> 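The following block contains the structure, expressed as structure tokens.
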Protein chains: 2
Amino acid sequence: MIDKNSPIPIYYQLEELIKGLIEKGELKPGDSLPSEREYAEKYQISRMTVRQAFSKLVNDGYLYRLQGKGTFISDRKIEQPLQGLTSFTEDMQKRGMKPGSQLLDFKIIAASLQIASQLNIQENEPVYEIKRIRLADDVPMAFESTYISANLIKGLTIDIVHKSLYSYIEEQLHLRIDHATQIIESSIANQLEAQYLNIKNGAPILLIQRNTFLQDGTPVELVKSSYRADRYKFMIHMKR
Amino acid sequence: MIDKNSPIPIYYQLEELIKGLIEKGELKPGDSLPSEREYAEKYQISRMTVRQAFSKLVNDGYLYRLQGKGTFISDRKIEQPLQGLTSFTEDMQKRGMKPGSQLLDFKIIAASLQIASQLNIQENEPVYEIKRIRLADDVPMAFESTYISANLIKGLTIDIVHKSLYSYIEEQLHLRIDHATQIIESSIANQLEAQYLNIKNGAPILLIQRNTFLQDGTPVELVKSSYRADRYKFMIHMKR
DNA sequence: GAGTGGTCTAGACCACCCC
DNA sequence: GGGTGGTCTAGACCACTCC
């Protein structure tokens, strides 16, 4: 089950192995795991390597440790929702809904001062502007505008955007998307939003602005979304 | 600067030392840190111990690593906001506002089915109910209702709540608050909320429900807040 | 080739929990 | 006292970046 000769790090293999056991239900919330020493013995690896795998899983909320007692499976009933950076598509799938998308606009424009400052580029530099209505189970869920520097992310097409923008950036351009900041606020639908989302003028909406960055802090993407408040709640999980 | 005989772990001392340098501005965003090996040499500690300190700081967003190049200070201009679990008081202080509070109600009630299920207790078990208006710079910011199991958190007083509930739970009761789930949604002020928050009926508000847990998953606290949308935006930072 | 972070080892002693 | 996680050491080899 653990291949020591594989180029895949051992700690990562162990991580996936344990995650698999949890997802298959062989390890249930509250269950204690075999001790770090037992894993080390069983797979003939160092205890530090086991600890590295455990630490990642603790950090991601799969496990928790109690000194002197052991390592246990977390109760993730409530905390399931947002684990790290996900796309709209993944988000909807996790919520058990069928994601969809309706393209309104895809073009290159000159960056406004506001967009340029968010993307850390000069005013009037070219940026892709993509406007879409996002659907969940074929019903409008959000109205979304995406801005991407055309000098940083070259060769973008509608097709790529439809598939997976993040995969393209990471696998074709070899850039590593690392983190994002989201600003969430409450507002009221204007006429345009009401029309696109099929709700009443003045109905509550959740505005989410996401700024995505590479590891060195270079902005990759700016997304402004308006979600229907009657269909969408934002959930996050926080560690102390 | 590093005391190897102190009961405080070396990796933690190094963490604080580096954080200090960043906060004092001696290390600026984009700067590269001395290498792991240099720190190990300088303080006569193992490289693994240095890595442990670095890893925590990377995880908390202070640093980022580039293989083959070095370790660098993150640009935290935008990402500053919400780092882990914070109280209203801390939150407002970080935003540069003066926090305040106006107590509306403090009593023990029998848990409704809804509250009981959130706190994982039986219906009609005693719970503290605390209702407050939260102020920022003396202006209403949020209307907040807190529910806490009276059997779990004993001896709660208004005074404790006014100071720091979390300190009381951790230092007096020796329970370790570990994580929380927050659900954020957009809504419109009803008459009561409008009155308390000094806004118009129908004005947008941000509803935030927070469920707080101990390490083993025991619910500690349930907080329902209604924030004025014109004064409050929720910000989060996410790692991929 | 020299320097960096990424992974890994085989030990060690400690603090804590439970019997 | 025996088991657990928490910390720490002093090495090792690898992949990567830069010159």
Side-chain angles (χ1 to χ4, degrees), chain A residues 2-18 27 30-59 62-74 170 174-176 178 214-216, chain B residues 2-18 27 30-59 62-74 170 174-176 178 214-216 239-240:
Chain A
I2 296 267
D3 179 2
K4 296 183 68 168
N5 297 317
S6 160
I8 300 165
I10 296 172
Y11 76 91
Y12 184 78
Q13 293 183 48
L14 183 54
E15 241 183 271
E16 293 301 309
L17 192 155
I18 295 174
L27 291 171
D31 284 3
S32 80
L33 255 76
S35 74
E36 297 172 353
R37 285 169 181 83
E38 280 179 69
Y39 269 111
E41 173 70 20
K42 179 172 176 186
Y43 295 111
Q44 289 298 300
I45 55 180
S46 160
R47 188 181 150 218
M48 284 300 282
T49 304
V50 177
R51 275 186 71 75
Q52 200 178 345
F54 277 31
S55 295
K56 184 74 183 339
L57 292 169
V58 167
N59 225 290
Y62 287 94
L63 308 178
Y64 62 94
R65 298 198 254 228
L66 295 178
Q67 187 172 151
K69 295 183 76 174
T71 305
F72 304 84
I73 311 293
S74 292
E170 299 203 308
H174 302 294
L175 299 172
R176 256 179 77 185
D178 184 66
L214 303 180
Q215 214 171 17
D216 65 0
Chain B
I2 296 268
D3 179 2
K4 295 183 68 168
N5 297 316
S6 160
I8 300 166
I10 296 172
Y11 76 90
Y12 184 79
Q13 294 183 49
L14 183 54
E15 241 183 270
E16 293 300 309
L17 192 156
I18 295 174
L27 291 171
D31 285 2
S32 80
L33 255 76
S35 74
E36 296 172 354
R37 284 170 182 84
E38 280 180 69
Y39 269 112
E41 172 70 20
K42 180 172 177 187
Y43 295 112
Q44 288 298 300
I45 56 180
S46 159
R47 188 182 150 216
M48 284 301 280
T49 303
V50 178
R51 275 186 71 75
Q52 200 178 346
F54 277 30
S55 295
K56 184 74 182 336
L57 292 170
V58 166
N59 223 290
Y62 288 93
L63 307 178
Y64 62 94
R65 296 197 256 228
L66 294 179
Q67 186 173 150
K69 296 183 77 172
T71 305
F72 304 83
I73 311 295
S74 291
E170 299 202 308
H174 302 294
L175 299 173
R176 257 179 78 184
D178 183 65
L214 302 180
Q215 214 170 18
D216 66 359
K239 296 284 285 183
R240 182 141 167 86

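Not measured: the values here are computed from a predicted model. Below, read A as the first sequence line, B as the second, and so on, with proteins coming before strands; counting in each chain starts at 1.
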> Listed by chain and number, what are the salt bridge (charged side-chain N to carboxylate O under 4.0 Å, His left out) partners of B/Glu36, not counting sequence neighbours?
B/Arg47, B/Arg51, B/Arg65
> Which residues satisfy the side chain to side chain contact (heavy atoms under 4.5 Å, CB included) test with B/Lys42, sequence neighbours excluded?
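Residues passing side chain to side chain contact (heavy atoms under 4.5 Å, CB included) with B/Lys42: none at all.
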> Sequence neighbours excluded, which residues qualify as side chain to side chain contact (heavy atoms under 4.5 Å, CB included) partners of B/Ser46?
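Result, side chain to side chain contact (heavy atoms under 4.5 Å, CB included) vs B/Ser46: B/Met48, B/Thr49.
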> Near DNA chain C, counting only heavy atoms under 4.0 Å, which residues of residues 4-13 of chain B show up?
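Within this stretch, nothing sits under 4.0 Å of the strand.
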> Going 5' to 3' along DNA chain D, which nucleotides are the first and last within contact of chain B (any atom under 4.0 Å from a heavy atom)?
D/dT7 to D/dC18
> I want to check something: taking the side chain as every heavy atom from C-beta on, are A/Ser32 and A/Phe72 in contact at a cut-off of under 4.5 Å?
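Yes - at least one pair of side-chain heavy atoms lies under 4.5 Å apart.
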> With sequence neighbours left out, write down each residue that passes ring-ring contact (aromatic ring centres under 6.0 Å, His included) with A/Tyr43, or none if nothing qualifies.
none
> Contacts to DNA chain C from residues 32-43 of chain B, heavy-atom cutoff under 4.0 Å, which residues?
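Residues of residues 32-43 of chain B under 4.0 Å from DNA chain C: B/Ser35, B/Glu36, B/Arg37, B/Glu38.
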> Test of understanding: with side chain to side chain contact (heavy atoms under 4.5 Å, CB included), list the residues that count as partners of A/Glu16, not counting sequence neighbours.
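Testing A/Glu16 for side chain to side chain contact (heavy atoms under 4.5 Å, CB included), a comparison that skips the adjacent residues, returns A/Tyr12, A/Lys19.
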> Could you pull out all residues at least two apart from A/Phe54 that satisfy ring-ring contact (aromatic ring centres under 6.0 Å, His included)?
A/Tyr39
> Can you see if the side chain of A/Lys69 gets near the phosphate of C/dC18 - specifically, an N or O under 4.0 Å from OP1 or OP2?
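So the side-chain polar atoms of A/Lys69 do come within 4.0 Å of the phosphate oxygens OP1 or OP2 of C/dC18, strictly under.
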> Measure the angle between the two terminal helix axes of the helix from C/dG1-D/dC18 to C/dC18-D/dG1, five base pairs each, and quote it to 10°.
10°
> Does B/Glu38 have any side chain to side chain contact (heavy atoms under 4.5 Å, CB included) partners at least two apart in sequence or in another chain, and if so, which?
B/Pro34, B/Ser35
